[in-house]
Amino acid sequence: MTHNQETETAAMNMSSSQFVQDQLNASEPRSNEMKTRVIAKDVNVFYGAKQALFDVSVNVPDKAVIAFIGPSGCGKSTFLRCLNRMNDTIEGCRVEGEIRLDGQDVYDPKIDVVELRARVGMVFQKPNPFPKSIFENVAYGPKIHGLASNKTELEEIVVTSLKKAGLFEEVKDRLREPGTGLSGGQQQRLCIARAIAVSPEVILMDEPCSALDPIATAKIEELIDELRANFTIAIVTHSMQQAARVSQRTAFFHLGVLVEEGPTEQIFTAPSDKRTQDYVTGRFG
Amino acid sequence: MAGQHIVASFDEELGRIDRLIRDMGDLAQAMLTAATQSLLDNDVPLAQRVISDDVVMDARQRELDERAIALIAKRQPMAQDLRAVVGAIRMASDLERIGDLAKNISKRVSAVGSGTMQRKLSHSIDTMAQMVGKQLAGVIDNYVARNPNELVTLRADDENIDVQYTAVFRELLTYMMEDPRNITACTHLLFCAKNLERIGDHATNIAENAYYVMVGQQLPLHRPKLDETSISGGQA
């Protein structure tokens, strides 16, 4: 073995042991360094007399993606909608427990719900652009929240948001055309652009790709990965592979109970609860 | 372990992969026993059979690889299913190597020769061969019976094989120093002993993989090694 080879091997050994070390560090609970953005504690939700969620407690880390998975009717969407009080709009829905965004009680009667929903944006299953131009779709939020003092500033926000949503290049020549004329995947990215135009802290996504084809889905997933640098994202998905691909943490709900929450790799390779194991391996639906 | 998927054909596919691993495990044991026997008895036809069995072993491994890859593509297995499939690919490659090593022992049978002296020498590795055989059988049996804790014990037992290998190494060295006419046969036997020692290592790998498949956690990296030939060999 020549001297050079030796040095190379030594360097390789070092970097590989460094890799192992990093992996070990990554698997340690990082609650100290990972800031928590949303804290939910003992959340119970009732639709009339029927209880939909039972004592759900979970911490949503800052600048990361958390995926909520579980069979239909398990309460994952209900929980997601608690985070920006979308359940307020449902007749007979009652939320108990505590949800804090940056320490502030989301269910404090003094809180301005409109302002809360600007801080906690939402993207839905079916793309739902306003029946207005592409430009107006994105400009609407900043306008009503008074985020732009003049036209130039507003245009800047629209362009930046469309760029962040990875849509600008595709629509820059037709900003005045109706948003509803775009393809499904483009419409969904338009809705994401609309959500991020008001600079939210948290973005909630309720099955954002279930109405999209695989290519549009891949684009959204790529976008989620990029948005993670600036936003906290909570996503409900029925696709286990999607949850495994886009999230850092995964929470599994079953029959209104949060069964298990942990690092995504662990949930999909070696879950600790039997119910999680059965669900992710396709043993019950 | 595979059972009760919503999609029944998923169970069938996992079951098929599991059966292939069991078949390969049985074949590996049979090849090891026959290879050792052919060496001890200088039985050339038996050695030939081991050599032809290796073709079957290779074919099984290829089949398993193809099935495992097709299953991953089709089903995107998760959790214990994912561990079972990835573990099967790894275990199959260890079993295939065991087949190669057994074949290599058989190939040396005629080179070792049939003189009484040679037969006496061959018996120096009899004990080691028995230990390796027991180790491999234990690993396969406990994979089939899903006993992860037994596998941890077996993994530690590989140490004894390493100790025995060192003893065989020294013994053969002594015969070679005694009479240089022994050198050819002893060198071949030394390779046979090394092959057996390697089979023990592959059995250990299988035990580690099987443990991960069942439990979902890797066994700690460090396992005491007592093969001193690599150190003392330089001084001898």
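Naming convention: chains lettered A, B, ... in sequence-line order (proteins, then strands); numbering from 1 in each chain. The figures here come from the full heavy-atom set of this structure, side chains too, leaving out hydrogens, waters and symmetry mates.
At a heavy-atom separation below 4.5 angstrom, chain B is approached by Met240(A), Gln241(A), Ala244(A) within residues 238-245 of chain A. Listed by sequence position, the residues of residues 58-72 of chain B in contact with chain A number zero, using a 4.5 angstrom heavy-atom cutoff.
Aromatic ring orientation, Phe68(A) versus Phe253(A): perpendicular (interplanar angle above 60°, classes split at 30° and 60°). Between Phe252(A) and His254(A), the ring-plane angle classifies as parallel under the 30° and 60° cut-offs.
Sequence neighbours left out, not one pair with a member in residues 235-244 of chain A passes salt bridge (Lys or Arg N to Asp or Glu O under 4.0 Å).
Residue-environment remark: CZ (Phe191(B)) stays at or below the threshold of 12 foreign heavy atoms within 6.0 Å.
Counted by atom type alone, His5(B) and Asp81(B) present one or more donor-acceptor pairs between their side chains at under 3.5 Å. Using a 3.5 Å distance cut-off with no hydrogens or angles, the side chains of Gln135(B) and Asp158(B) do not pair a donor with an acceptor. Glu208(B) and Tyr212(B) share no side-chain donor-acceptor pair at under 3.5 Å.
For the ring pair (Phe, Tyr, Trp, His ring centres under 6.0 Å) test, no residue two or more places apart in sequence or in another chain qualifies with Tyr211(B).
For the pair Arg146(B) and Tyr143(B), the cation-pi test (distance below 6.0 Å, angle within 45°) is passed.
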